[in-house]
Amino acid sequence: MTDAPAAYDTTAIEAKWQAAWDEAELFRADRSEAPKYYVLEMFPYPSGRIHIGHVRNYTMGDVIARYKSSCGFNVLHPMGWDAFGMPAENAAMAFGGHPKDWTYDNIAVMRGQMKPLGLSIDWSREFATCDPEYYGQQQALFLDMLEAGLVYRKPAIVNWDPVDMTVLANEQVIDGKGWRSGAEVERKELTQWAFAISDMAEDLLAGLETLDKWPDKVRLMQENWIGRSRGLQMTFPLSAPTHGTDGIEVYTTRPDTLRGASFIAIAPEHPLARALAADDPDLAAFAVDVRKGGTTEEALEKAEKRGFDTGLTVDNPLGGTLPVWVANFVLMDYGTGAIFGCPAHDQRDLDFARKYDLPVTDTFVAVSDGHPVGDVAFVPPKTEAVRWLNHPLDLDVATGQHAIDATIDWAEAEGIGTGRVQYRLRDWGLSRQRYWGCPIPVVHCDDCGVVPERKENLPVRLPDDVTFDVPGNPLDRHPTWRDVACPACGKPARRETDTMDTFVDSSWYFARFTAPRAETPTDHDEADYWMNVDQYIGGVEHAILHLLYSRFFARAMGRTGHLPQGTEEPFNALFTQGMVTHAIYQTRDAKGRPVYHLPEEVDLDTKTVKATGETFEIIPSAKMSKSKKNVVDPMDIIASYGADTARWFVLSDSPPERDVEWTAAGAEATHKHLRRVHRLATDIARADRAPNAADADLAKAAARAIHEVTEGIEGFAFNKSVAKLYEFTATLHKSDAGADARRDAMRTLAQLMAPMTPHLAEEIWALMGGEGFVARAPWPKADPALLQDDSVTLPVQVNGKRRSEITVPKDMPKPEIEAMVLADDAVQRILDGAAPKKLIVVPGRIVNVVA
RNA sequence: GCGGGUGUGGUGGAAUGGUAGACACAUCAGACUUAAAAUCUGAAGGGCUUCGCCCGUGCGGGUUCGAGUCCCGCCGCCCGUACCA
């Protein structure tokens, strides 16, 4: 800092411009005549402090928001807090205090950390989902959805901790045991509220086709998740009816393999299995035993396949009988809770058959080398032709898909079963046995049953006087809150003590932002103007659940009159940014359970924990998570280098959609560059040099920079825009052009940097005598004439290997290029007098000589 | 287990089927300086018999005049797997 006027004082510069933007209310979004643009990043969970992933995510959104604003759009860019959830209750249990205080304190801290980033956010629209004004409107939505038949009650399976006597979240089940008690978790059935999302499966599937600005991978993941399949529903008659049942109804997606069926398997929760267990202690014990463990699909799929032979048999319509087993891998939730096992063509069934010595019958074999199945099931793609053995329709060579369709037709004609479309998508269970969530606004009355709370009584507020000293839901043991008069008959009744899944909160916040203070969930005119979200940005970890639920809610809100038509798909464009990952430093406690350490708590040179000297294990590249203590605090960077450095840093180097492993190195180098730009600007502001021949070259470089930086922003390739800006800065730095030309170029550089480093850009803009805010200056346009080059350099390959290059006029005709290539020294040397077999000229790109 | 991604120098990464390594970081050398820092200039994938050649984009095959890119089969890592948000 030898040159005082050139000092790049980030603290002063950034505070000055943030105050100026606030003063001018630059980012307030009001309806206007201009075309609107709604950019939204997934709102954060108030975990305590912002981390570098937030900075990356919100900076990306800000680049888009500022860029679109420069392009003349009326931009809406709001921010809020996904504020209900388990961590607040966990904190209350661990450290005392109240979830509400914990949450609002965290929000205050995080808002205070985000504001210095200089994001172009309309903070006047801010809300938290735990604000009664928000969740009260959510309760109103719930009541309307209840009336519209979109919500209902049904039995659902939960993780039950038999020691703490409480329901556990999946992440609280570790290796099948409760995280606090260590007790073996059981699967327990409770009556739960559910949204009828599967009724909309077909529409949600069809809607994916219209989302052409969504990543293909997200659409594919949702398609697979919804999982439409057409199969056969059929009943196998019991050889001897028992327990009031004369047959077992089965749903199969592979009716074509009926010939290879060797057993029937039913879920332990299947009505027949329950009836049998009532008078068979062994089966009852088996059912209890396989109920141990968590409820995740992963746990169920990976669990050892176990079965119990009921001794019953059913008749196979193709002749013979099949034994009936109770099996742990059959799910009551999917299909009919009963399957027929075809071991030859399903690995799970094969493992089961081998274990219990059941027959394995091939239904089809490969066309080329048809040998019978051993220990690996033969499961070719349905589109692949195979050779059929003893198919009821005498098929010979046909694809699986053809056989499925033909078999369904045959089965319907024979009266064996019915073709049926089935979805993998299940209804969305929304009940949570927790305090810190949106209360479900209904009352249970002995006489009237489930009675909706009256809308004028909303919000049903969470009581503040609760404690977390014992496990379980405090609402359940809060008599003055829980015990109320029935809204219908006035007799003593009980409030519903379940609260809503926090996914509900985040499934409509985008709509609420269009009118965050409205007395109804939405305001028609505001929603009509601002919806849809033009660009939504979030992590790929939300590709299925959050995004699918939001699509469902947009439809449900349309049906209940809370959103206008055309908002069924609320997010026009989606960008899934990668996560910021960081190594985890882990040791283990006396019981062998993992203990995590913050980056600042460890010594990387000796690989030991500073405080204890224990050697730690490094788990590389894990998703940042507060509980794993591998979060990085961006406030350090902002404090020492300023927000523009932090912003520029998270945009550079790594492609936005890819995960980035955070390392501290590089922030300083980023800062050096910005300091260089600042110094260059002060030099140029003072420079005095006559126009000259270099002016034209600089103008050309500026045009190319405009073109490529714009392309980078439009294509969500901010790292490429940043690279181009580095290059243009170097060109400008070295340019001998006159003072006016350099000032023009510097102004362009400031504009191009403005979405990324807005404070520095304003400073330079002012220094260059720019009018008003650079944030309000129209986005620069490149003169197409300056983007053209007169000549082009073509690499010359021989047999695909680069051997030389030629520089030719842009429009040189092919024959002349060919002649030049053949005359080239390197080409002649390699051809060694022989004539080329072929000459490929790709105009403007490359020449390849085939020798 | 299943579904979806991803893999390129010491590091982050660039490359509509057309010159692999742009742009940076770190490194090294030089300039300036009494010296250091800062700043500026330059070098650099690996190798060799260096006016040039060979090898090289996780591994093994294939298509093509030409493959990091397309196809087939593996391996590693990441995300999701319905009560983490």
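Residue numbers start from 1 in every chain, and the chains themselves are labelled A, B, ... in the order their sequence lines are given, proteins ahead of strands.
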S.K.: Could you tell me whether the phosphate oxygens of A85(B), OP1 or OP2, come under 4.0 Å of any side-chain nitrogen or oxygen in T502(A)?
M.R.: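 Yes, within the criterion.
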
S.K.: OP1 or OP2 of G56(B) less than 4.0 angstrom from a side-chain nitrogen or oxygen of K801(A), does that happen here?
M.R.: no

S.K.: OP1 or OP2 of G52(B) sitting under 4.0 Å from any side-chain N/O of R803(A)?
M.R.: no

S.K.: Kindly point out which of C83(B), A14(B), U19(B) is positioned nearest to the side chain of R432(A)?
M.R.: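 Selected nucleotide (nearest to the side chain): C83(B).
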
S.K.: Which residue, N170(A), T166(A), T296(A), forms the side chain to side chain donor-acceptor pair (under 3.5 Å) with N159(A)?
M.R.: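 So the option named by the test is N170(A).
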
S.K.: Of all the choices, A14(B), U39(B), G4(B), which nucleotide is nearest to the side chain of K672(A) once you look at every atom?
M.R.: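 Side chain of K672(A) sits closest to U39(B).
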
S.K.: For RNA chain B, whose closest nucleotide is more 5', that of M221(A) or that of A730(A)?
M.R.: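 Nearest-nucleotide comparison on RNA chain B picks M221(A).
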
S.K.: Specify whether F195(A) and F552(A) have parallel, tilted or perpendicular ring planes, treating 30° as the upper limit for parallel and 60° as the lower limit for perpendicular.
M.R.: tilted

S.K.: Does R424(A) make a side-chain N or O approach to OP1 or OP2 of U81(B) shorter than 4.0 Å?
M.R.: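 For U81(B), OP1/OP2 do not have a side-chain N/O of R424(A) under 4.0 Å.
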
S.K.: Ignoring the backbone of I846(A), work out which of A14(B), U19(B), C83(B) is nearest its side chain.
M.R.: U19(B)

S.K.: Less than 4.0 angstrom between a side-chain N/O of R658(A) and OP1 or OP2 of G7(B), yes or no?
M.R.: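 Result: yes.
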
S.K.: So which protein N/O to nucleotides 42-47 of chain B N/O distances come out below 3.5 Å?
M.R.:
none

